[in-house]
Amino acid sequence: MSRHKDGRARARFLRRVRRQRLKYVAMLPALVTILNGVCGFGSLLLASKGHFAGAGYLIFMAMIADMLDGRLARMSHSTSSFGGQLDSLCDVVSFGAAPAFLMVQIVEFKLSLQLADTPGLHFMQRFIWLAAAVYLSCAIIRLARFNVENEEDETAHMSFVGLPTPAAAGTVVSLVIFHQEIVLPAVGGVYGALDHSLVYSLPFAVFGMGILMVSRIRYPHILNVYLKGKKPFDHLIRAILFLGVIVWNRQAALAVIFCLFTSGSPVKWVYLRALRKTGAVAVSSPGQPDSQPDGRPC
């Protein structure tokens, strides 16, 4: 009889929990998170009107808001599941849909200037939509996986599993801004040869970044690894030089930095795998069989 009473009490408790409404929200972190989503939406609007560089800068503003909201929540001790879910929803807009749409718009604009009988034109027209769909789908999967696997402990955030969505978006955006503000004004000059090659490589880069987002390759958390806590004095010198390069030529510097970050971990992963295979081959002496005539290993 007591078991039935316990079961009914538990059922009533679960019903009360399900009926509970969200009554309290940390206002400042939530507003900054919503600013992230608004910037992403603004980027979509500007990209649809052909203002590609402006759309890129709005995505960078969304990245700044994305960095601030989590810090504000931890500083005010107001982290919550609601904040995490809200952040991921805004990230889907700003770092998933907006970069994919920006890539489609700028490549389609370039294709519209080509002749209809240009070789490979029809393939590129189809591939850009496939690349955008893969990128957006992988960004959604990446954010959903992060919500499930995320740990509240800040010490666990020294690296990411898979390419973070802001880094993927930053790579796309930095290349677009570099093209719009450096390459296009210099067509026929030093950067003239980069015009077509840079734009037409964007869909392939976007496709690859989509795969990297859902991969298990680890990427370092730059802020936590290199900037948080006490560091050697030479770290300060490097940071000052780093900021100086950005101020000197922000378009080229951002493009190089994001591309190096995106490609650095996969290159390291491939290098380490090749090193392990080389080590495994070196274990067996050259010229000697790996097994004896009866099939047993040497």
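For the numbers below, each heavy atom of this structure counts, side chains included, while hydrogens, waters and symmetry mates do not. Fair warning: this is a prediction, and the values are worked out from it, not measured in the lab.
- Taking the six-membered ring for Trp, F207 and Y135 have ring centres at least 6.0 Å apart.
- Not a single donor-acceptor pair under 3.5 Å links the side chain of S137 to the backbone N or O of V134.
- For M213 against A168, the heavy-atom pair with the smallest separation is SD-CB, 4.0 Å.
- Rounding to the nearest 0.5 Å places SG of C39 at 10.5 Å from CG of L46.
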* To do: Starting from the C-alpha separation in whole Å, work towards a yes-or-no answer on side-chain contact (heavy atoms from CB on, under 4.5 Å) for V107 and M103.
  => CA-CA 6 Å; V107 178; M103 181 275 295; 4.0 Å; yes
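- Taking a 6.0 Å sphere around CZ of F204, one finds it holds more than 12 heavy atoms contributed by other residues, nucleotides or ligands.
- A continuous path of Ile, Leu, Val, Met, Phe, Trp and Tyr side chains, each step under 4.5 Å between heavy atoms, connects V270 with I217, placing both in one hydrophobic cluster.
- Under the 3.5 Å distance criterion, with hydrogens and angles disregarded, a donor-acceptor pair is assigned to the side chains of N36 and S94.
- Shortest non-hydrogen contact noted between A55 and S43 is O-OG, 2.9 Å.
- Between the S265 side chain and the R218 main chain, a donor and an acceptor come within less than 3.5 Å of each other.
- If you take CG on L198 and CD on Q180, they are separated by 9.5 Å, rounding to the nearest 0.5 Å.
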* Quick one: do C90 and F95 satisfy side-chain contact (heavy atoms from CB on, under 4.5 Å)? Show the steps, please. => CA-CA 8 Å; C90 292; F95 309 135; over 6 Å; no
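- Hydrophobic clustering of Ile, Leu, Val, Met, Phe, Trp and Tyr side chains at less than 4.5 Å, counting indirect connections, unites V172 with I211.
- The hydrophobic clustering, which links ILVMFWY residues whose side-chain heavy atoms are closer than 4.5 Å, places V92 and L44 apart.
- Between S88 and N147, the side chains place a donor N or O and an acceptor N or O closer than 3.5 Å (distance only, hydrogens not considered).
- Closest non-hydrogen pair, A47 versus F52, comes out as O-CE2, 3.7 Å.
- Under a 3.5 Å cut-off, the side chain of Y219 and the backbone N or O of T262 do form a donor-acceptor pair.
- A heavy-atom distance below 4.5 Å is found between the side chains of I177 and F60.
- When all heavy atoms of I59 and A169 are compared, the closest pair comes out as CG2-CB, 4.2 Å.
- Shortest non-hydrogen contact noted between S263 and C259 is OG-O, 2.7 Å.
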* To do: Go through the steps to decide whether L163 and F261 satisfy the test side-chain contact (heavy atoms from CB on, under 4.5 Å), and finish with yes or no.
  => CA-CA 9 Å; L163 177 64; F261 179 81; 4.2 Å; yes
* **Working for side-chain contact (heavy atoms from CB on, under 4.5 Å), residues L68 and I64** => CA-CA 6 Å; L68 288 177; I64 295 172; 4.1 Å; yes
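- Summarising the geometry, atom CG belonging to L272 is positioned 12.5 Å from atom NZ belonging to K277; distances are rounded to the nearest 0.5 Å.
- The minimum heavy-atom distance between P266 and L212, with the atom names listed, is CG-CD2, 3.7 Å.
- Of the possible donor and acceptor atoms, one in the side chain of R145 sits under 3.5 Å from a partner among the backbone N and O of V161.
- The distance from atom CG of L175 to atom CD of Q251, rounded to the nearest 0.5 Å, is 12.5 Å.
- Rounded to the nearest 0.5 angstrom, D69 CG and T33 OG1 are separated by 3.5 Å.
- Using a 4.5 Å cut-off between side-chain heavy atoms of Ile, Leu, Val, Met, Phe, Trp and Tyr, with links allowed through other members, M61 and F41 fall into different hydrophobic clusters.
- The hydrophobic clustering, which links ILVMFWY residues whose side-chain heavy atoms are closer than 4.5 Å, places V176 and I182 together.
- To the nearest 0.5 Å, atom CD of residue E181 and atom CG of residue L184 are 10.0 Å apart.
- In terms of modelled atom types and a separation under 3.5 Å, the side chain of R216 and the main chain of G162 share no donor-acceptor contact.
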